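Chain A is the first sequence line, chain B the second, and so forth, proteins listed ahead of strands; every chain is numbered from 1. All figures in this text were calculated on a predicted structure; none of them were measured in a lab.
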Amino acid sequence: MQQPQHTVQSQFGQLPVGLQMNNPLVLVEHLSRVIATRGQKTTILDDVSFSVPTQSLFAINGPSGSGKSTLLNMLTGVDRPTSGRVVFGTEELGIRSENALARWRGQHVGIIFQFFQLVPTLTALENVLLALELGKGGGLPRRAWRERAETCLETVGLSAFLRRLPSELSGGQQQRVAIARALANNPPILIADEPTGNLDSRTSQGVFGTLASLTQQGKTVIYVTHDRALAALAEARIELLDGRIVGQQGANALIAPAMEAKR
Amino acid sequence: MNARRKKSIADVTKRKGRTFMVVMGIFIGVLGLTVINFTQATIFNAYSYSMGSAANYPDVYVGVNRLVPSLTASLAAMSNVKAVQMQAEADTSWKVDSAPHGGFAMVIRSYPDLQHVAITPFQLTSGRYPGVGEIVLEYGDQQLQSIAIGDTVTVNTGTDTTTTLRVVGFARTQGLASPVASHTARGYVSTDAFQQTFGATVSDAKGPQVSYTIALKVNNTAQKSSTAKAVADVLRAKQVTVQGITYPTPFDTAVLTAVNGVFTLLRVLAILAVILSGMLILNTIITLIAEQTQIMGTMKALGGTRGSILRGYLVSVLIYSILGTLPGIVLGLVLGYPLASVLFSNIDLGPFTVEPWIVALSLGIGFSVPLLAALLPLWLGTRITVREAFAAYGISSGQGRRSTRRASGQMSWISQTTWLGLRGVFRRCGRALLTLLTLTLAGATFLTVQTASASTNQMIADITANSHYDVKVMLPDSTQLQATLSQIQAFANVKRVESAMEDDGTGLLTEWGKVSLLGFQVDTQIYRPTILSGRWLTANDTNAILINEKFAAASGLKVGQTMLVSSLTLTVIGIVHQPTENVGRIGAIITSNDVINHLGTAGNELLELLVQAHDSSTGAVATLVNQIDQLFNGGPNGGPGGGFSNVFTHQEFIAQEQQGFYVFYALLYSVALIVGGVGSLGLANALAASVLERKREIGMLRSMGGSSWRVAQIFWVEGLSLGSISLFLGALVGIPMAYAFVQLMGKLVLQVNFLIDSSAFIVMLVAVLVIATLASIIPALRASRIRIADMLRYE
């Protein structure tokens, strides 16, 4: 694992050199998430800082309970940090209303869930169309939406399954529909939470290959995985343990001091 | 069609069971409201048409020996005369061989100008005005005997002579009692036809009665007497013989008010049904939101705003509304008219017409109630964040209530599946409370209806409880009184016969309001009321009366006090317990037949003979009835004005009185059924949702060896628990609700004493068992047939 050599002063304290110099697509600075329940405080994320390079395949790796999904939720605006910030390009997510976050997500982020989360009563094509309707079509006029949806499904190799319901598709096919849905509004970034966690190994390879190929189309793909081997396929990655970054590659991440001493 | 619209439709079509229950709830509510409103409007319009209005009610009748139509204009120009109507009338009979007693009584009327009748006109509904040898029948005559235009009617023109008239049209006459109610047909002929048919008729006791009358409408009824006298003077001056002057009883709105009151009561219950429908929808939407939490989270993750998601679900609600409301309105209108015909068979309903407000109201309710019911849960439900939506979903957290855990530990003899069922009752507190509320209201409504009908039934029984006769004979007039009484007394099984008088529905107007009038022989042994204070009549009493407790309370009269009626001073000598069921009355006066004769209201009283038998067995009394009936022979059941049986057993009389309320009971129970139906749907909906949410739990139970019946038992216990709690609450709420309803009934329709029918609780208990069983077993069994692997798969 590489470790940062220099730091620079920012309003959030000392940051590794390179965080600002590499023009990352996503910048995470001193992110923390603490949950308080019945008088007890649980730190899910503890002072996490890193950047995601543009057009990269970026992995967030860690065992169960390491805070990967929580971190992912921060990146997508699904959850709000207790402290710190997330910057997308030049735009800080900041404090926005739920509706504002929803609108932002529709245009800027394509989310792929571990359990697909397709609407069971809509066909593959309609699931992708739904994303276009909700995300305002990514700048395309309404009459072009259908074609766009078909193109997205063709991209993931499902042009022959447009009118199938999710229940009529295999797990891998459903995940591909989910990927197509995430691509529908042409977002700059795709975020996948354990995209292959629910698939067999052969299907996983296929789906992962599809995801990885999207970086060649100018997308930045961030994926969460507990699988080290899968994480190793990324161009850049961070490793989480107990809510802290304990390792990174190409992410200009701040490694947690305690973890660093352990090493 | 866009994807969101497709999803809204799919949410309706994919969950057929839920859709069915919601649509049925809306359908039942709208159907009930439409039927009640349409039936009420139809009946009310028919009744008001039948009873006429004050404008169609003559103030004076002047009987003459002949009509001189040329005098109409000069009479109409007289002071205080508003309208003049010359009419010739024949009280005859319509011979129909297949009819009971060989035919029906019939009144045939003629006016100088049939198309311009001044006071009581008729509207031609089909056909044309009659010429010589022709007749136009009243529309309702078709309920007495099936007859069509082109057919002929045979009428008596003398004791042994008849004539045939061809039917050329049908008409409706406002203010005319229904032929079925009055047992008298009505027909209209031209003046020439009347002369040709009845010109030679000599009125006698057994043949047709021909009369000529001039009906007057006056401007100032206070001067009607002087006006009538002035008219009579003019007629005499023109060599017209004046045979008599009569003043009809003023137009009475009491019955219309009572009919309106009945439907107001029903509307109150129907509104309950609509409210319950709204609660059913509320429950359904809450369940829908719970089911679709993750989908909502997905849509928000994809960029959907709260508003766009909310609108999608509102489209589903709109679809539910359309599916439930439109058929409810159509069926309500289709059923309303025949229902009115069945319930009020004694009035002529007229042609089928729908007032726009009925449809508009049902449409408004059918669309607005579901929308309002769905709005709040949707607004709250779509507030969920993406993170909350993707939080753990499925098996309940297992926290459980400490109280139930403690109880299950102490009562280990109760099976775990039963405890699972009991714990499930308040697993979703909001939904459980809503379901309980729905069922409680349904149970309370049933109890209310049962109480209202029990109270009314008891009142009817009380009315006749004071009279200990076996047979009642209605007499047309007093001319045959003594002869008939002697003849009946001579029958072997007759113990005693007494004459009596009964209100014909006109009543007696006092300074406090209208009262019913009952007359008996002073030495009566048949009429034995409970005397609350004072005493019964004696032969030495002059103008003495007893009053019932209701009149005593309304008037404040006490024993020994007097009241002035029709220039007669009446002395109250006693207060008795005597219920009456006449609507619009403030009480009853019980007195001797002689006093009634002195009051001058004898013309408005029904003269009757009360017969007590030695042998009161059914067979013996039936024989006695036949013997008495034989005394009245010749013509349709006794000659002119007959056409109905005038001999009743006591039971027949009670049944006839109760029959008048069957309509009321039928309507009440119909609405109770509607309310109960919606309540049941609410329970079924809640249990179906519970089964759906606990599919994984079912899967685990079955994977551990639980049979389908064992699984079903859990939900049956849950359903039974909800039903039992609501039974208790329904009784708690229902008793005061029933009391309030009976009080409202007293204000709007008829005062009865509040009486709780204990059998209602047993019926409610049985209903709860049946409904809970059906509502829970079916969805639970269906769920238990799903593959275990499918149930356990994490979605």
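- Nearest heavy atom pair, residue B:G304 against residue A:A102, reads O-CB, 3.3 Å.
- When all heavy atoms of A:P120 and B:I295 are compared, the pair lying nearest together is CD-CD1, 3.7 Å.
- Heavy atoms closer than 4.5 Å to chain A are found in the side chain of B:S308, but not in its backbone.
- Between B:T385 atom OG1 and A:N73 atom CG the span is 9.5 Å, to the nearest 0.5 Å.
- Looking only at heavy-atom pairs under 4.5 Å with chain B, the residue among A:Q107, A:R146, A:R103, A:R181 that has the most is A:R181.
- Heavy-atom distances place the side chain of A:L122, and not its backbone, under 4.5 Å from chain B.
- A:E133 places a side-chain N or O within 3.5 Å of a backbone atom of B:A3 that can act as its donor or acceptor partner.
- Looking at A:F116, neither its backbone nor its side chain comes within 4.5 Å of chain B, counting heavy atoms on both sides.
- Here the side chains of A:L134 and B:R4 are in contact, with some heavy-atom distance below 4.5 Å.
- At a 4.5 Å heavy-atom cutoff, the contact between A:L130 and chain B is made by backbone and side-chain atoms alike.
- Here CZ of A:F113 is found 5.0 Å from OG1 of B:T298. Values are rounded to the nearest 0.5 Å.
- Of the two parts of B:K14, only the side chain, counted from C-beta on, holds a non-hydrogen atom closer than 4.5 Å to a non-hydrogen atom of chain A.
- For chain B, the option among A:I111, A:V119, A:D79 with the highest count of heavy-atom pairs below 4.5 Å is A:D79.
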Quiz item: Hey, mind stepping through B:K7 and A:E126 against side chain to side chain contact (heavy atoms under 4.5 Å, CB included) and telling me if it holds?
Solution: CA-CA 9 Å; B:K7 181 189 171 298; A:E126 287 162 349; over 6 Å; no

Practice problem: Step by step, work out the side chain to side chain contact (heavy atoms under 4.5 Å, CB included) result for A:R105 and B:V386. | Solution: CA-CA 11 Å; A:R105 271 194 298 274; B:V386 178; 3.4 Å; yes

